[in-house]
Protein chains: 2
Amino acid sequence: MAREPLSRERVLRAAVELADGSGLDAVSMRGLAQVLGVVPMALYKHVANKDELLDGMVDAVIGEFEAPDPALDWPDAVRARLLSARRAVLRHAWARRAIESRTRRTPAVLGYMDAVVGTFRRGGLSVDLTHHVMHALGNRIWGFSPELFDAPADPSAPPPPAEQQRATAEEFARRFPHVLEIATAATGGDLSAVGGGCDEQFEFEFALDLLLDGVARLHGRGWRSA
Amino acid sequence: MAREPLSRERVLRAAVELADGSGLDAVSMRGLAQVLGVVPMALYKHVANKDELLDGMVDAVIGEFEAPDPALDWPDAVRARLLSARRAVLRHAWARRAIESRTRRTPAVLGYMDAVVGTFRRGGLSVDLTHHVMHALGNRIWGFSPELFDAPADPSAPPPPAEQQRATAEEFARRFPHVLEIATAATGGDLSAVGGGCDEQFEFEFALDLLLDGVARLHGRGWRSA
DNA sequence: ACGCTAGGTGTACGGTGTACGCCTGTCAAG
DNA sequence: CTTGACAGGCGTACACCGTACACCTAGCGT
């Protein structure tokens, strides 16, 4: 049975699936070739190099973003767009890291940015203000904020002996009291949950609204730079 | 002449200098060993592995951050702290990428975060609000905002033929009119400078002040979550 | 029947991090 | 003194990475 031939689509689709299932590190040219039942160099007939492969994978995620209801006013429209982006990025755990590492602005990336910018402009914001707002949003236009604390520890790892754990906890409290304070507050005082205890969704929306509110105020009073 | 022995300090210092001079990619165990006149495996007697090396380099940069004048009120104190961090990170072009890639919260990292959190707390902000504000600031506490557009193109690269350049420019204008609009506005209409034309310092401070202003307002009206 | 070409193959090169064993100079205890 | 532990630098080796380059072959338009 002659398998159907490769294609850029098939390669990218397989890469996304592989990353979804086994993580971004599993997406090596060799690894990807293997799941496609093909020799590594075969991929290069469809993708120029690994960077382009990554770009293509990110583009695939962007393709899942949904446009907001056109009836919404600009803050809600931006909000809807970014939250849709967030949902897509969360569906692909690797996407965040991939987006952060890419610097290439593909047509898909530019298209999405253009849509976001367009939403502000149609809302009446000045070119000037819109420009700075885009910078202020930063990676939040991709639906995520930077991770402030550790990624949640691997739950399969064996916990350290209780004695030592208490000792390090005490030292932590002594050296970083303020961090401890806000970390425990976030988990309702459950110290053991401190690592992965933040409600990322809330944090995302908090920051987003903080920025959008600020922008709305600047816009309302006719802000202009310099 | 017996060279003085290696030490963790010396290794880290050499790594930082190497990265400063030749970029982060030049910092491989082999490359670093070479500039130290030593065999690669020798480094492992002083650093557990490459991740720890990177962590150490980041810690070195954090060591350059300066504490603000204690007489400042909280918004100015935070501002001063973050701008000091920014100066340090700008001194080491690689630091930004290194910080983004690290997930490990070393004592140095926690110490710095604790200082920032402490500044908010001493200003009277609630634990609750402070926590969310830290998330909202995100990587901005390291003195940089995410790059929205391409890194400036390598100026040594030969420019494409004028004809083709005009054609792609026209297509760009057709497909991404809004992006073009804000990009040209940022450079005063100089289209050729669009790539690296943003005033990053302004963007950083704009976003920072937008956030701090919003926070001050929330604080003033006694905001609390849920 | 011919030759072109798209697409898969095989081999090879130079790079990476790092595990493991060895060897040697220093220094403290017997 | 001698001895033995040990810190620290050395050498080799392994598995993995991206990818350059030459080759082969099936299918197709002329």
Side-chain angles (χ1 to χ4, degrees), chain A residues 1-19 21-59 94 97-104 106 154 157, chain B residues 1-19 21-59 94 97-104 106 154 157:
Chain A
M1 53 164 240
R3 50 172 194 231
E4 81 209 282
L6 255 46
S7 71
R8 194 182 153 88
E9 293 330 301
R10 234 163 74 78
V11 168
L12 291 181
R13 207 141 29 90
V16 167
E17 277 167 28
L18 181 56
S22 312
L24 194 55
D25 291 333
V27 182
S28 66
M29 297 309 265
R30 288 173 158 86
L32 179 56
Q34 189 163 15
V35 311
L36 283 165
V38 115
V39 97
M41 289 309 294
L43 302 176
Y44 287 84
K45 292 280 152 81
H46 305 277
V47 205
N49 51 42
K50 180 149 187 196
D51 273 358
E52 205 192 277
L53 176 72
L54 270 302
D55 284 338
M57 293 173 64
V58 170
D59 284 0
W94 49 271
R97 236 181 78 203
I99 290 171
E100 272 178 330
S101 75
R102 306 288 71 212
T103 70
R104 176 105 203 292
T106 65
D154 182 1
Chain B
M1 51 162 243
R3 50 172 197 229
E4 81 209 280
L6 255 47
S7 71
R8 195 183 153 86
E9 291 330 300
R10 232 162 76 76
V11 168
L12 291 181
R13 207 141 28 92
V16 167
E17 276 167 28
L18 181 56
S22 311
L24 194 54
D25 291 333
V27 183
S28 66
M29 297 309 266
R30 288 173 160 85
L32 178 55
Q34 188 164 16
V35 311
L36 283 165
V38 114
V39 96
M41 289 310 293
L43 303 176
Y44 286 85
K45 290 281 153 78
H46 305 278
V47 224
N49 49 43
K50 181 148 186 198
D51 273 357
E52 205 192 276
L53 177 71
L54 271 299
D55 284 338
M57 293 172 65
V58 170
D59 285 0
W94 48 271
R97 236 180 77 203
I99 290 171
E100 273 178 330
S101 75
R102 306 290 68 214
T103 70
R104 175 106 202 291
T106 67
D154 182 1

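We name chains A, B, ... by the order of the sequence lines, and we start the count at 1 in each one.
Atom CG of Leu43(A) and atom C1' of dT9(C) are 12 Å apart (whole Å). If you take CZ of Arg8(B) and C1' of dA7(D), they are 17 Å apart, rounded to a whole angstrom. Atom CG in Leu36(B) sits roughly 14 Å away from atom C1' in dG8(D) (whole-Å rounding). Distance CG (Leu24(B)) to P (dG17(C)): 11 Å, rounded to an integer number of Å. A straight line from CE of Met29(B) to P of dT18(C) spans 6 Å, rounded to a whole angstrom. In this structure, the CD atom of Glu52(A) is 11 Å from the P atom of dT19(D), given to the nearest Å. The distance from atom CD of Gln34(B) to atom P of dG15(C) is 11 Å, rounded to the nearest whole Å.
Side-chain N/O atoms of Lys50(A) include one lying less than 4.0 angstrom from OP1 or OP2 on dG18(D). Residue His46(B) places at least one side-chain N or O closer than 4.0 Å to OP1 or OP2 of dG9(D).
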**Study point:** Evaluation steps, salt bridge (charged side-chain N to carboxylate O under 4.0 Å, His left out), between Arg104(A) and Asp51(A)
**Key:** CA-CA 9 Å; Arg104(A) 176 105 203 292; Asp51(A) 273 358; over 6 Å; no
Exercise for review: Decide salt bridge (charged side-chain N to carboxylate O under 4.0 Å, His left out) for Arg8(A) and Glu52(A); before the verdict, give the C-alpha distance in whole Å, the side-chain angles of both, and the deciding distance to 0.1 Å.
Suggested key: CA-CA 11 Å; Arg8(A) 194 182 153 88; Glu52(A) 205 192 277; 2.6 Å; yes
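A distance of 3.5 Å separates OG1 in Thr106(B) from CG in Asp59(B), rounded to the nearest 0.5 Å. In this structure, NZ in Lys50(B) is found 12.0 Å from CG in Asp55(B), a value given to the nearest 0.5 Å.
For Asn49(B) and Lys45(B), each mapped to the nucleotide of DNA chain C holding its nearest heavy atom, the one lying further toward the 5' end belongs to Asn49(B).
Nearest nucleotide to the side chain of Met41(B), out of dT19(D), dT18(C), dG7(C): dT18(C). Set against dG17(C), dG18(D), dC10(D), the side chain of Tyr44(B) has dG17(C) as its closest nucleotide. Picking from dG18(D), dG11(D), dG7(C) the nucleotide with the shortest atom distance to the side chain of Ser28(A) gives dG18(D). Checking dT12(D), dT19(D), dC17(D) against every side-chain atom of Pro40(A), the shortest atom distance belongs to dT19(D).
Between the side chain of Arg30(B) and the base of dG15(C), no donor-acceptor pair under 3.5 Å is found.
No donor-acceptor pair closer than 3.5 Å links the side chain of Ser22(A) to the backbone N or O of Ala19(A).
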